[in-house]
Amino acid sequence: KDLTLKAVLHDLLPNIRSCNLTAKQLVEEIEPLNIYTQKQLLDVYKVRLFPDQYPAKMQRMRLGSGFKWKPNTAQTDIKVAPNRKNVKQISGTNKWNSVYASKGFTKGKHYWEIVINNGPSNWIMIGVAPKVHLHTNYVGSGGGWSWSQYGSKYGGNQQGSALGKWVSGDIIGVLLDCAKGSLTYYKNKKKLGIGFNSIPKQELFPAITLYTKSDEITLRHAPMPSY
């Protein structure tokens with residue numbers, strides 16, 4: 001029988017203090033999957049500690065990247081919820097407002113999902129951006145790469161697949177492959193294709209842009225896709 005996460009951590013952590021993954025990071029990685037058995041938690045620790053010793057199937061247990069939205073990257077027109085996963089535009093004025101992840105990536109593969117809670121503007125944008133990108137502009141203008149709700153792609157390199165549109169209620173998955181410099185998109189668990197490739201090597205931050213009052217999204221971590 002599965003135990004509560006709190007109980008498992010209480011018994012587990014004293015035996016794995018040498019791991020460089022903190023209890024807080026573990027909760028962020030495991031909580032979305034609702035897997036609380038000691039064996040499952042230990043498997044995740046092992047994959048994090050010894051990634052080269054485990055097959056691709058276990059590698060996909062490494063839930064994304066343990067990041068949340070960083071409130072101080074958001075403009076006053078955007079409200080970042082206390083859980084730092086939900087973001088909503090609260091201003092009645094139509095204008096671009098971007099918010100960034102709490103950490104950037106320079107190597108490895110990283111996957112995350114964005115739930116489109118509400119998208120009246122059709123101009124929500126999802127992608128990645130370098131740290132120097134202006135938060136008062138949309139991702140893909142003056143730096144970064146993004147796919148918009150309306151179906152357009154923006155960025156310095158627009159090679160890749162045509163991705164189509166999305167609407168409120170959709171779940172958009174993003175797979176960043178730092179080695180290949182590629183950004184692959186998914187919609188409702190279905191792979192749409194590579195939106196961008198040959199992205200120059202640099203530190204890239206997951207980022208989103210909202211435009212109209214009531215535009216709202218939620219960050220969700222999920223296992224690495226197998227396809």
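Residues Lys85 and Lys68 have side chains in contact (heavy-atom distance under 4.5 Å, counting atoms from C-beta outward). Residues Val115 and Ile217 are not in side-chain contact: their nearest non-hydrogen atoms beyond the backbone lie 4.5 Å or more apart. A heavy-atom distance below 4.5 Å is found between the side chains of Ile126 and Trp166. The closest side-chain heavy-atom distance from Leu175 to Leu183 is not below 4.5 Å. Side-chain contact between Lys187 and Ile171 is absent, with no heavy atoms from C-beta onward closer than 4.5 Å. Proximity of Ile90 to Ile78: side-chain heavy atoms (C-beta onward) are nowhere separated by under 4.5 Å.
Remark: Lys70 pairs with no residue by the side-chain hydrogen bond (donor to acceptor under 3.5 Å, both in side chains) rule, at least two apart or across chains. Legend: residues meeting side-chain contact (heavy atoms from CB on, under 4.5 Å) with Ser146, ordered by chain and number and at least two apart, are Met125, Val139, Tyr154. With sequence neighbours excluded, the residues forming a side-chain hydrogen bond (donor to acceptor under 3.5 Å, both in side chains) with Asp170 are Asn188, listed by chain and number. Taking Phe205 as the reference, nothing meets the ring-ring contact (aromatic ring centres under 6.0 Å, His included) condition, with sequence neighbours excluded. For Asp77, the side-chain hydrogen bond (donor to acceptor under 3.5 Å, both in side chains) partners two or more places apart in sequence, or in a different chain, are Ser91, Lys95.
With rounding to the nearest 0.5 Å, the separation of NZ in Lys201 from SG in Cys178 is 7.5 Å. Taken to the nearest 0.5 Å, the CD1 atom of Ile172 stands 7.0 Å off from the CG atom of Leu192. Note: Trp145 CH2 to Asn197 CG = 11.5 Å, rounded to the nearest 0.5 Å. The distance from atom CD1 of Ile208 to atom CD1 of Ile116, rounded to the nearest 0.5 Å, is 8.5 Å. Atom-to-atom distance recorded for Thr218:OG1 and Ile114:CD1 is 8.5 Å, nearest 0.5 angstrom. The distance from atom CZ of Phe105 to atom CD of Glu203, rounded to the nearest 0.5 Å, is 9.0 Å.
When each of Trp112, Tyr111, Trp147 is paired with Tyr185, the ring pair (Phe, Tyr, Trp, His ring centres under 6.0 Å) condition holds for Trp147 and for no other. Remark: of the listed residues Asn97, Asn118, Thr212, Asp215, Asn97 is the sole one forming a side-chain hydrogen bond (donor to acceptor under 3.5 Å, both in side chains) with Gln89.
The backbone N or O of Pro120 sits nowhere less than 3.5 Å from a side-chain atom of Lys213 that would complete a donor-acceptor pair. Side chain of Lys180 to backbone of Ser198: no donor-acceptor contact under 3.5 angstrom is found.
Aromatic rings of Trp123 and Tyr150 (six-membered ring for Trp) have centroids within the 6.0 Å cut-off, being under it. Two rings, from Phe67 and His221, have their centers less than 6.0 Å apart.
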*asked:* Could you walk me through whether Trp96 and Tyr211 satisfy the ring-ring contact (aromatic ring centres under 6.0 Å, His included) test, starting with their C-alpha distance in whole Å, then the side-chain angles of each, then the deciding distance to 0.1 Å, before giving a yes or no?
replied: CA-CA 5 Å; Trp96 308 116; Tyr211 183 69; 4.4 Å; yes
*Begin with the C-alpha distance, continue with both residues' side-chain angles, and end with the deciding distance and a verdict on side chain to side chain contact (heavy atoms under 4.5 Å, CB included) for Leu176 and Lys109.*
CA-CA 6 Å; Leu176 170 65; Lys109 293 182 179 180; over 6 Å; no
_Full working for side chain to side chain contact (heavy atoms under 4.5 Å, CB included) between Asn86 and Asn117_ = CA-CA 9 Å; Asn86 181 267; Asn117 301 326; 3.2 Å; yes
*Show the numbers, then the answer: is there a side chain to side chain contact (heavy atoms under 4.5 Å, CB included) between Ser102 and Arg84?*
CA-CA 10 Å; Ser102 55; Arg84 294 172 56 194; 3.4 Å; yes
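Defined by atom type and a distance below 3.5 Å, a donor-acceptor pair is missing between the side-chain atoms of Asp177 and Ser182.
Taking both residues in full, the closest heavy atoms of Pro130 and Gly143 are given as CD-C, 4.0 Å, listed atom of the first, atom of the second, then distance. Residue Ser214 comes nearest to Lys88 through the heavy atom pair CA-CE, 4.1 Å, listed as atom of the first residue, atom of the second, then distance. Minimum interatomic distance between Thr209 and Asn137 (heavy atoms only, all atoms of both residues): OG1-O, 4.2 Å. Nearest approach of Phe196 to Ile199, heavy atoms of both residues: CB-CD1, 4.0 Å.
Judged as a salt bridge (Lys or Arg N to Asp or Glu O under 4.0 Å), the pairs with a partner in residues 110-128 (not counting sequence neighbours) are, in order, Glu113-Lys189, Glu113-Arg220.
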